[in-house]
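Here is the structure we will look at, set down as structure tokens.
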Amino acid sequence: MRIFGHVSYYRPGDVLASRLELSRAGLHRPTRAGISGSAQEGADSIVLADQYEDDVFGEDEIIYAGHGGRDPKTGHQTTDQDLNDRNRALLRSQETGQPVRVLRKAADGYRYEGLYRVVGSSYEPGRSGFQVWLFRLVPVV
DNA sequence: TCCATGCGCGGCC
DNA sequence: GGCCGCGCAGTGG
């Protein structure tokens with residue numbers, strides 16, 4: 001059963017040591033993938049891990065780059081992203097307005113940043129010039 | 001360097 | 001609908 005919103009007793013600011021712990025806690029179930037969710041229900045959680053060059057973690061908003069088109073070695077986008085199921089999940093979240101748990105890689109592990117809502121999306125050239133999905137998330141008040 | 005782990009989707013009853 | 005297999009991933013020992 002997919003859970004949207006807070007999970008168990010975990011609250012923003014909590015730090016877990018690894019992706020495995022995030023998974024066991026239910027904060028972010030996939031052990032490697034950055035987007036948790038389905039095209040039909042939407043995304044329930046995402047992870048920012050300094051892997052995508054087009055990410056922006058701002059004071060009052062997050063720009064989260066969509067999935068795909070990336071060279072794992074260089075970290076740069078090397079092809080246009082496509083509308084895959086993970087990106088569809090975030091588009092779906094924008095439609096439903098369901099909150100998305102945001103986790104962010106930190107020095108000591110993965111920090112639970114809190115609940116965000118997907119309020120915008122675009123498909124445009126990123127830093128490397130290839131088309132990327134960009135999702136705009138703002139904190140849930 | 002290698003590979004485990006969790007899961008969404010699609011195919012097939 | 002339920003089960004199974006496939007492919008893949010914002011890791012990590």
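Convention: sequence-line order gives letters A, B, ...; per-chain numbering from 1. Since the model is a prediction, treat every value here as computed from it, not as a measurement.
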Find the distance [X]:[atom1] to [N]:[atom2] and express it as a whole number of Å.
{"X": "Y52(A)", "N": "dA9(C)", "atom1": "OH", "atom2": "P", "value": "8 Å"}
{"X": "H28(A)", "N": "dT5(B)", "atom1": "NE2", "atom2": "C1'", "value": "13 Å"}
{"X": "R24(A)", "N": "dC7(B)", "atom1": "CZ", "atom2": "C1'", "value": "18 Å"}
{"X": "R19(A)", "N": "dA4(B)", "atom1": "CZ", "atom2": "P", "value": "18 Å"}
{"X": "L22(A)", "N": "dC7(B)", "atom1": "CG", "atom2": "C1'", "value": "16 Å"}
{"X": "R29(A)", "N": "dT11(C)", "atom1": "CZ", "atom2": "C1'", "value": "18 Å"}
{"X": "L16(A)", "N": "dT11(C)", "atom1": "CG", "atom2": "P", "value": "15 Å"}
{"X": "Q40(A)", "N": "dG10(B)", "atom1": "CD", "atom2": "P", "value": "11 Å"}

- By a strict heavy-atom criterion of less than 4.0 Å, which residues belonging to residues 66-99 of chain A are in contact with DNA chain C?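 Within residues 66-99 of chain A, the residues near DNA chain C are H67(A).
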- Y64(A) six-ring face occupied by R136(A) cation (under 6.0 Å, within 45°):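 No, cation not above the ring by the 6.0 Å, 45° rule.
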Counting any heavy atom closer than 4.0 Å, what does [X] reach on the DNA or RNA strands: base, sugar-phosphate only, or nothing?
{"X": "S36(A)", "answer": "nothing"}
{"X": "Y110(A)", "answer": "sugar-phosphate"}
{"X": "R2(A)", "answer": "sugar-phosphate"}
{"X": "T31(A)", "answer": "base"}

- Check the hydrophobic clustering (I, L, V, M, F, W, Y; side-chain heavy atoms under 4.5 Å; chains of links allowed) and say if Y123(A) and I63(A) are grouped together.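 Different clusters.
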- Message: Please say yes or no: joined through hydrophobic side-chain contacts below 4.5 Å, possibly via intermediate residues, are I62(A) and L115(A) part of one cluster?
- Response: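 The answer is no; the residues belong to distinct hydrophobic clusters.
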- Give me the ring orientation class for H6(A) and Y112(A): parallel if the planes are under 30° apart, tilted from 30 to 60°, perpendicular past 60°. perpendicular
- Candidates dT11(C), dA9(C), dC9(B) - which lies nearest the side chain of A33(A):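 Nearest nucleotide to the side chain: dA9(C).
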NZ/NE/NH1/NH2 to OD/OE distance under 4.0 Å, [X] and [Y]:
{"X": "R88(A)", "Y": "D85(A)", "result": "yes"}
{"X": "D44(A)", "Y": "R101(A)", "result": "yes"}
{"X": "R2(A)", "Y": "E41(A)", "result": "yes"}

- Watson-Crick or G-U wobble partner of dA4(B), both distances under 3.5 Å: dT11(C)
